[in-house]
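In what follows, a single structure is set out as structure tokens and then discussed.
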Amino acid sequence: MNRNTEEKLLVDGPAGALEVLVTRAEAAHAVAVICHPHPLHGGTMQNKVVSTLMRAARDLGASTVRFNFRGVGQSAGEHGGGIGEVQDCQAIIDWAAREFAGLPLWLMGFSFGGYVAAAAAREQQDWPQALILVAPSVERMPFADLLPLPGPATVMMGEDDEVVAPESVFELLEGQPGVTMVRFAETSHFFHGKLVELKTATEQALQAL
């Protein structure tokens, strides 16, 4: 199978089957799990930012796993208010650890998915080798309860985000132990016109590991 080809699977989750897209890299040196934006606001694993994060990891030789939270696409169940979605993410991480045994985890998330990824990271026995959060939801989700993070994280934030207030993210996370903040000037929530820059910044963060 070409490494750019995504394989569609259904993986057992806590609320039923979860829809998953997987790429398998030859001689992979990591597995990336990517969380999508808010399910009640149109968020799916096909989101352009999620796809950009997937391509960044894939192009650096990682196998990748993106998935739909419960109630999205072919994933069973109903929206879980964040708590259920963290459980979904944990189930996918556990599956990836079995499917890609021995590979370090790169955990990423966008918006609502950024909160989910950070919350799931806290539940892991070992902190992910990389945690990348793009415009993480710090206002509508209890992100402050996750602080201080037990390990390093990179936060990518557009300075003109119209969904997640940039100043809320900067005030909460900039200067936190282990947090690297990457600011994108003149950039909206969905990184319109800036996806190439986002991919480059993500690759730089991953290459710096």
Side-chain angles (χ1 to χ4, degrees), residues 15 33-54 66-72 75 77-90 92-93 106-124 127-128 130-195 197-199 201-202 205:
V33 173
I34 306 128
C35 301
H36 69 70
H38 205 296
L40 300 185
H41 301 287
T44 77
M45 64 179 172
Q46 302 289 0
N47 172 271
K48 290 182 179 180
V49 171
V50 171
S51 299
T52 297
L53 296 175
M54 180 278 291
R66 50 179 169 154
F67 66 101
N68 277 331
F69 291 126
R70 59 184 64 191
V72 177
S75 291
E78 298 179 351
H79 178 58
I83 296 172
E85 286 72 20
V86 173
Q87 295 170 350
D88 293 344
C89 183
Q90 291 170 319
I92 293 297
I93 290 170
W106 294 351
L107 185 56
M108 311 186 212
F110 170 44
S111 196
F112 171 84
Y115 166 79
V116 171
R122 285 196 64 97
E123 300 298 322
Q124 302 308 303
W127 190 254
L131 177 64
I132 295 181
L133 312 175
V134 179
S137 182
V138 302
E139 298 168 299
R140 298 183 178 128
M141 303 304 296
F143 201 106
D145 294 347
L146 304 177
L147 301 177
L149 296 175
T154 299
V155 178
M156 312 277 188
M157 193 66 205
E159 293 183 341
D160 291 341
D161 195 311
E162 73 286 10
V163 176
V164 176
E167 290 309 318
S168 296
V169 173
F170 299 145
E171 182 178 344
L172 184 67
L173 294 175
E174 206 158 32
Q176 280 283 334
V179 172
T180 299
M181 183 68 66
V182 182
R183 293 178 176 232
F184 293 78
E186 300 178 348
T187 300
S188 66
H189 186 64
F190 294 100
F191 284 73
H192 295 305
K194 298 295 183 78
L195 291 173
E197 288 91 334
L198 176 62
K199 182 174 185 285
T202 301

Which heavy-atom pair separates [X] from [Y] by the least distance, and what is that distance?
X	Y	value
E159	A185	OE1-CA, 3.6 Å
H189	V164	CE1-CG2, 3.7 Å
G82	H79	N-CE1, 4.2 Å

Do [X] side-chain atoms and [Y] backbone N/O form a donor-acceptor pair below 3.5 Å?
X	Y	value
D88	R70	yes
T202	L198	yes
N68	M45	yes
W127	P152	yes
S111	G113	no
Q176	P148	no
E174	M181	no

Is there a side-chain contact (heavy atoms from CB on, under 4.5 Å) between M157 and V182 once you walk through the steps?
CA-CA 6 Å; M157 193 66 205; V182 182; over 6 Å; no
Gap separating the [atom1] atom of [X] from the [atom2] atom of [Y], nearest 0.5 angstrom:
X	Y	atom1	atom2	result
L133	L173	CG	CG	7.5 Å
D161	E167	CG	CD	11.5 Å
L131	Q124	CG	CD	10.5 Å
Q87	E123	CD	CD	9.5 Å
F112	M141	CZ	CE	5.0 Å
F67	C89	CZ	SG	4.5 Å

Would you check if [X] and [Y] make a side-chain contact, meaning some heavy-atom pair closer than 4.5 Å?
X	Y	result
V116	F69	yes
E85	V72	no
Y115	V138	no
F184	D160	no
M156	I132	yes
V50	P37	yes
P136	V155	yes

Could you walk me through whether L195 and K48 satisfy the side-chain contact (heavy atoms from CB on, under 4.5 Å) test, starting with their C-alpha distance in whole Å, then the side-chain angles of each, then the deciding distance to 0.1 Å, before giving a yes or no?
CA-CA 8 Å; L195 291 173; K48 290 182 179 180; 4.0 Å; yes
Both conditions, 6.0 Å and 45 degrees, for the charged tip of R183 above the ring of F170: are they met here?
yes
Does one side chain, of [X] or [Y], offer a donor that lies under 3.5 Å from an acceptor on the other?
X	Y	answer
N47	H36	no
S137	H38	no
T187	K194	yes

A quick test of your reading: do over 12 heavy atoms of other residues, nucleotides or ligands sit less than 6.0 Å from [atom1] of [X]?
X	atom1	result
E186	CD	no
E78	CD	no
E171	CD	no

Taking it one step at a time, do F110 and T52 satisfy side-chain contact (heavy atoms from CB on, under 4.5 Å)?
CA-CA 11 Å; F110 170 44; T52 297; over 6 Å; no
Can you name the one residue among Q46, K199, R66 that meets side-chain hydrogen bond (donor to acceptor under 3.5 Å, both in side chains) with S51?
R66
